[in-house]
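Heavy atoms only: backbone and side chains are in, while hydrogens, waters and symmetry mates are out.
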Amino acid sequence: MDHQQLKELDNTYFMPTYGRFDVDIDHGHGATLYDLSGKEYIDFSSGIGVNSIGCAHPRWVEAIAAQAAKLGHISNLFYTQPGARLAKIMCERSGMAGVFFSNSGAEANEGAIKLARKWSFDKYGKGRGTIITLKNSFHGRTAVTLKATGQEVFHNYFYPFPEGFRYAEAGDMASLEEVSGHDVCAVMLELVQGEGGVRPMEKAYVQALSALCEQRDWLLIIDEVQSGIGRTGTFFAYQQYGIVPDVVTFAKGVAGGLPMGGFLANEKCRGVLTAGTHGSTFGGNPVSAAAALAVMEVLSDETIAAVAEKGAYLRQKIAELGLSCLGDTRGLGLMIGVEVKGERSNKELAALLIQNGLLALTGGKDLRLLPPLTITREEMDKGLAIMAQVLR
């Protein structure tokens, strides 16, 4: 099959929910990918942060194959080793007390919302189920998580939306106070707003928000679907902010390319969701869990610490390119936003880069870069050279 045949097949049978770039990806290794014709691409996107240890990592491939040959799936009504082993590692590396595995980030966030509302109901009864989120946030594409998302552009088409959310300005404690009330049970936020343009929260603001949650007896939910699992230079970004949330959600990079998400809870919240109040047919699937165990093995503390250095290197080198169409860089670790200036939009610049062999993303009005955490210096330099040549 060549590119045109693949494109025609795709356009004939897929629902038109994705604005695909006119590029196919067939195979790869690490952060170097190839299309059907053999053209090389450097990956600064990692499947929107999913391919955390790059493409076709041998340890990951081996773990998936071995588990698939042993047990592909079984109901969560039975015990399995991969899920239990993964749960232990996730709790130990996060400092949390319990975990629930789902299939995606939206499901993870919706589960955290359910947990917060049940926790409040168990303690206070009805009438205290509102969750405050931040403007410019993104929490998923289910009906509930779209409503939780603090961007008006997403609040369309799918009426009626569920109730129970209010929005505060990011970084503004006065705004948070304005939308608070007796009906609030939790605050949910991203420490680095990803889809909103890779915008890290200020440490003082996050700590003040955490203190307010403790004072008002609200749960603090941190959405780390994109920023978690080593992406920012620590296992979770909250570990750089001097806080411990009640609930933290994760997905994307946890299984290195297989569908998996979930949420971790502290001791206070570990027992809130009891048998029958939440579940997932595929959550904690043995093959996905085996893949995640391989990711945990590859992403050692040393490897994750190097992520901060790689991120600083990329940001510095992009700034040194002196490109008139790009401005300031920001972010944590390998979660990088690059300001777009001039007449071309971020989508136009991303398309130019992709056509010329560098896979990049957009976020808000800017470019977003999420390379594999295992990307090599050579691959980074190749990507930077493409950026310099194409955008100059």
Open item on the list: Distance check, rounded to the nearest 0.5 Å: Leu321 atom CG versus Gln389 atom CD?
Closed with: 12.0 Å
TODO: Report the relative orientation of the aromatic rings in Tyr34 and His27; use parallel for angles under 30°, tilted for 30 to 60°, perpendicular for over 60°.
DONE: parallel
Open item on the list: Run the side chain to side chain contact (heavy atoms under 4.5 Å, CB included) test against Leu146 and tell me which residues pass, sequence neighbours left out.
Closed with: Phe154, Phe158, Phe161
Open item on the list: Tell me whether Thr130 contacts the main-chain N or O of Val184 through its side chain, where contact means a donor paired with an acceptor under 3.5 Å.
Closed with: no
- [ ] Indicate yes or no for a side-chain donor-acceptor contact from Glu267 to the backbone of Met96 under 3.5 Å, with no hydrogens or angles considered.
- [x] no
TODO: Report the distance from atom CG of Leu352 to atom SG of Cys325, rounding to the nearest 0.5 Å.
DONE: 9.0 Å
Open item on the list: Using only atom types and a distance under 3.5 Å, with no angle test, would you say the side chain of Thr149 pairs donor to acceptor with the backbone of Gln151?
Closed with: no
- [ ] Evaluate the side-chain proximity of Met260 to Asn285: yes if any heavy-atom separation is below 4.5 Å, no if none is.
- [x] no
TODO: Could you tell me which residues satisfy side chain to side chain contact (heavy atoms under 4.5 Å, CB included) with Phe14, sequence neighbours excluded, listed by chain and number?
DONE: Asp10, Arg20
- [ ] Answer with yes or no whether the side chains of His57 and Asn51 bring together a donor and an acceptor at under 3.5 Å.
- [x] no
Open item on the list: Between Ser137 and Glu190, is there a side-chain donor-acceptor contact under 3.5 Å, judged purely by atom types and distance?
Closed with: no
Hey, can you pull the donor-acceptor pairs under 3.5 Å for the side chains in residues 333-342, sequence neighbours left out?
unit_1	atom_1	unit_2	atom_2	d
Glu339	OE1	Asp328	N	3.1

Task: Glu178 and Ser175: side chain donor to acceptor below 3.5 Å - done: no
Task: Parallel, tilted or perpendicular: rings of Phe263 and Phe100 (30°, 60°) - done: parallel
TODO: Using atom types as modelled and distance alone, determine if a side-chain donor or acceptor of Trp60 lies under 3.5 Å from a backbone N or O of Val298.
DONE: no
Task: Value rounded to 0.5 Å, distance of CG in Leu359 from CD1 in Ile354 - done: 6.0 Å
Task: Test: Glu177 and Arg216 ion pair at under 4.0 Å - done: yes
TODO: Test side chain to side chain contact (heavy atoms under 4.5 Å, CB included) on Arg141 and Thr17 and set out the steps.
DONE: CA-CA 12 Å; Arg141 294 188 181 274; Thr17 56; over 6 Å; no
Task: Check: Ser102 side chain, Ser104 main-chain N or O, donor-acceptor pair, under 3.5 Å - done: yes
- [ ] Using modelled atom types only, decide if a donor and an acceptor are shared between the side chain of Lys310 and the backbone of Ile375 within a distance under 3.5 Å.
- [x] yes
Open item on the list: Run Thr80 and Leu71 through side chain to side chain contact (heavy atoms under 4.5 Å, CB included) and show every step you take.
Closed with: CA-CA 9 Å; Thr80 58; Leu71 178 69; 4.1 Å; yes
Open item on the list: With heavy-atom distances below 4.5 Å as the criterion, would you say the side chains of Ile25 and Tyr41 are in contact?
Closed with: yes
Task: Taking every non-hydrogen atom, the tightest pair across Arg117 and Ile131 - done: NE-CD1, 4.1 Å
Task: Heavy-atom closest contact (Ile132 atom, Ser180 atom, distance) - done: CD1-CA, 4.0 Å
TODO: Salt-bridge test for Lys382 and Glu379: reply yes if a basic N is under 4.0 Å from a carboxylate O, no otherwise.
DONE: no
Task: Flag if over 12 foreign heavy atoms under 6.0 Å of OH, Tyr159 - done: yes
TODO: Under the salt bridge (Lys or Arg N to Asp or Glu O under 4.0 Å) rule, collect the residues that match up with Glu163, sequence neighbours excluded.
DONE: none
Kindly list each side-chain donor-acceptor pair under 3.5 angstrom involving residues 198-209, sequence neighbours excluded, with atom names and distances?
unit_1	atom_1	unit_2	atom_2	d
Arg199	NE	Gly196	O	3.4
Gln207	NE2	Tyr241	O	2.9

Open item on the list: Return the CZ to CG distance between Arg270 and Leu115, rounded to the nearest 0.5 Å.
Closed with: 12.0 Å
Task: Non-neighbouring partners of Arg166 that pass side-chain hydrogen bond (donor to acceptor under 3.5 Å, both in side chains), sequence neighbours left out - done: Asp183
Task: Sole residue of Arg368, Arg231, Lys252, Gln193 in side-chain hydrogen bond (donor to acceptor under 3.5 Å, both in side chains) with Gln226 - done: Arg368
- [ ] Kindly say whether the aromatic ring centers of Phe165 and His155 come within a distance under 6.0 Å.
- [x] no
TODO: May I ask you to check whether Asp366 and Asn346 show a side-chain donor-acceptor distance below 3.5 Å?
DONE: no
TODO: Could you check Asp24 against Lys7 for salt bridge (Lys or Arg N to Asp or Glu O under 4.0 Å), going step by step and ending with a plain yes or no?
DONE: CA-CA 8 Å; Asp24 67 76; Lys7 186 176 176 180; over 6 Å; no
Open item on the list: Check whether Thr145 reaches the backbone of Glu110 with its side chain - one donor and one acceptor, N or O, closer than 3.5 Å.
Closed with: no
TODO: Kindly compute the distance separating CH2 (Trp119) from CG (Asp246), expressed to the nearest 0.5 Å.
DONE: 7.0 Å
Task: Glu40 vs Thr32, side chain to side chain donor-acceptor pair (under 3.5 Å): CA-CA, chis, key distance, verdict - done: CA-CA 7 Å; Glu40 181 182 283; Thr32 304; 5.4 Å; no
Open item on the list: How about CD on Glu302, more than 12 heavy atoms from neighbouring residues, nucleotides or ligands closer than 6.0 Å, or not?
Closed with: no
TODO: Go through Val254 and Phe101 one step at a time and tell me if the side chain to side chain contact (heavy atoms under 4.5 Å, CB included) criterion holds.
DONE: CA-CA 11 Å; Val254 66; Phe101 293 121; 5.8 Å; no
- [ ] For Lys118 and Asp122, run salt bridge (Lys or Arg N to Asp or Glu O under 4.0 Å): C-alpha distance rounded to whole Å, both residues' side-chain angles, the deciding distance at 0.1 Å, then the answer.
- [x] CA-CA 6 Å; Lys118 186 175 184 296; Asp122 290 346; 2.9 Å; yes
Task: From CA spacing to verdict: salt bridge (Lys or Arg N to Asp or Glu O under 4.0 Å), Arg377, Glu309 - done: CA-CA 11 Å; Arg377 179 65 65 89; Glu309 298 173 11; over 6 Å; no
TODO: Step by step, work out the side chain to side chain contact (heavy atoms under 4.5 Å, CB included) result for Val179 and Tyr167.
DONE: CA-CA 7 Å; Val179 297; Tyr167 315 104; over 6 Å; no
Task: Heavy atoms of other groups near His73 NE2, more than 12 under 6.0 Å - done: yes
- [ ] Using the ring of Phe121 (Phe, Tyr or Trp, six-membered ring only), decide whether Arg128 places NZ or CZ under 6.0 Å from its centre and within 45 degrees of its axis.
- [x] no
Task: Gln240 side-chain N/O to Thr232 backbone N/O, donor-acceptor pair under 3.5 Å - done: yes
Task: Gly284 versus Ala289, closest heavy-atom pair with distance - done: O-CB, 4.2 Å
Open item on the list: Rounded to the nearest 0.5 Å, what separates atom CG in Asp43 from atom CG in Leu370?
Closed with: 9.5 Å
TODO: Could you tell me whether Lys88 and Glu92 make a salt bridge, using a distance below 4.0 angstrom between a side-chain N and a carboxylate O?
DONE: yes
TODO: Kindly say whether Ala148 contributes a backbone atom to a donor-acceptor pair with the side chain of Thr133 at under 3.5 angstrom?
DONE: yes
TODO: Mind listing the closest non-hydrogen atom pair of Asn103 and Glu107 along with its distance?
DONE: ND2-OE1, 3.0 Å
Open item on the list: Under a 3.5 Å distance rule, please check whether Asp223 uses its side chain to pair with a backbone N or O of Met188 as donor and acceptor.
Closed with: no
